[in-house]
S.K.: 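Just dropping this structure here.
Side chains are part of it too, since the values below use all heavy atoms of this structure and drop only hydrogens, waters and symmetry mates. Residue numbering restarts at 1 for every chain, and letters A, B, ... go by the order of the sequence lines.
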Amino acid sequence: QKEVEQNSGPLSVPEGAIASLNCTYSDRGSQSFFWYRQYSGKSPELIMSIYSNGDKEDGRFTAQLNKASQYVSLLIRDSQPSDSATYLCAVTGVITGTASKLTFGTGTRLQVTL
Amino acid sequence: DAGVTQSPTHLIKTRGQQVTLRCSPISGHKSVSWYQQVLGQGPQFIFQYYEKEERGRGNFPDRFSARQFPNYSSELNVNALLLGDSALYLCASSLVLALDTQYFGPGTRLTVL
């Protein structure tokens, strides 16, 4: 079982629709959860971070966390063509008391069509 | 404020050669992490450094090494390059350590021929 799992897509949504991206993780000790957006050939750009159960909204983006189900999601409202990118789910795990690492899923490719 | 910077942007090497990649973190950030991203995959953790000490290491061979300098910049060295080392190498900086948000630099694209 992969540590962080995402559907690779592509997920295709029409412009103006809601895009729903999902992620599951295996380490119950995970404490921090992130969504990064990555355009082709570029580096990951932080979109959202979430640390506690529930929803967190920032503009058109809403992150949802359910630690009991080990599930994180990202909703993008009013999707725009510029949202077309790969979305990476990342989970922080503590390696030792003073170190941590991000574990990434393989990413979901989102295509917003006109 | 400047973000994370990395150099060079692109690099082409041949098998068996050695390469050094450089990273400067966001001003005020003391922790630097290195990741390798091969095409179609998510980034994989290589190292984390904090206050010039290695604090974490991923599942990479000893050909990979790194260090952090007093100004918190960092270098990643890869010896005896293999074709499979071709990837985007990402540096991420964070304010301190565990659980902190990591911000990525633009990356160095390494091609091994």
Side-chain angles (χ1 to χ4, degrees), chain A residues 2-10 21 23-27 29-52 56 58 63 65 67 72 85-109, chain B residues 3-7 9-10 21 23 25-26 29-60 66 68 87-111:
Chain A
K2 291 183 180 178
E3 294 180 75
V4 178
E5 294 207 49
Q6 297 180 254
N7 188 320
S8 61
L21 305 166
C23 170
T24 58
Y25 60 95
S26 61
D27 183 0
S30 301
Q31 299 182 46
S32 306
F33 307 86
F34 304 90
W35 285 98
Y36 287 85
R37 177 176 63 197
Q38 187 172 30
Y39 293 112
S40 181
K42 302 296 185 182
S43 66
E45 172 193 10
L46 180 69
I47 297 296
M48 292 283 289
S49 61
I50 187 166
Y51 302 91
S52 55
K56 179 182 177 182
D58 183 1
L65 173 61
K67 290 187 177 181
V72 193
T86 295
Y87 288 80
L88 296 164
C89 172
V91 173
T92 296
V94 176
I95 305 172
T96 67
T98 59
S100 64
K101 66 171 185 176
L102 283 172
T103 300
F104 286 85
T106 55
T108 298
R109 189 156 63 93
Chain B
V4 179
T5 59
Q6 292 185 244
S7 63
T9 305
H10 295 88
L21 311 180
C23 169
I26 293 170
H29 284 196
K30 297 183 177 181
S31 179
V32 169
S33 298
W34 287 95
Y35 292 82
Q36 180 197 65
Q37 186 177 24
V38 299
L39 201 60
Q41 299 296 317
Q44 296 291 315
F45 173 74
I46 309 175
F47 288 110
Q48 186 175 64
Y49 274 78
Y50 178 69
E51 293 286 7
K52 304 183 296 296
E53 290 186 8
E54 179 185 306
R55 300 302 184 104
R57 170 187 279 260
N59 188 23
F60 280 81
Q68 186 177 34
L88 179 66
Y89 287 85
L90 297 161
C91 172
S93 81
S94 58
L95 195 57
V96 282
L97 266 184
L99 310 183
D100 239 10
T101 300
Q102 296 187 26
Y103 299 91
F104 286 88
T108 294
R109 173 73 61 186
L110 172 64
T111 301

S.K.: Tell me the closest heavy-atom pair linking B/G42 and A/L88, and the distance in Å.
M.R.: CA-CD2, 4.2 Å
S.K.: Can you tell if the side chain of B/S33 reaches within under 4.5 Å of the side chain of A/L102, non-hydrogen atoms only?
M.R.: no
S.K.: Nearest 0.5 Å, please: how far is CG in B/L88 from NZ in A/K42?
M.R.: 10.5 Å
S.K.: Decide if the gap between the ring center of B/F104 and the ring center of A/Y36 is smaller than 6.0 angstrom.
M.R.: yes
S.K.: Would A/L46 and B/Y103 satisfy side-chain contact (heavy atoms from CB on, under 4.5 Å), going step by step from the backbone distance to the final call?
M.R.: CA-CA 7 Å; A/L46 180 69; B/Y103 299 91; 3.9 Å; yes
S.K.: Between chain A and each of B/G105, B/P43, B/G107, count heavy-atom pairs under 4.5 Å; write down the option with the most.
M.R.: B/P43
S.K.: With chain A as the partner, which of B/Q102, B/Q6, B/Q37 has the greatest number of non-hydrogen pairs under 4.5 Å?
M.R.: B/Q102
S.K.: Quick one: does A/F34's side chain get under 4.5 Å of B/T101's, heavy atoms only?
M.R.: yes
S.K.: Can you tell me which portion of B/Y35 sits under 4.5 Å from chain A's heavy atoms? Options are side chain, backbone, both or neither.
M.R.: side chain
S.K.: Which answer fits A/Q38, side chain, backbone, both or neither, if we ask what part of it has an atom under 4.5 Å from a heavy atom of chain B?
M.R.: side chain
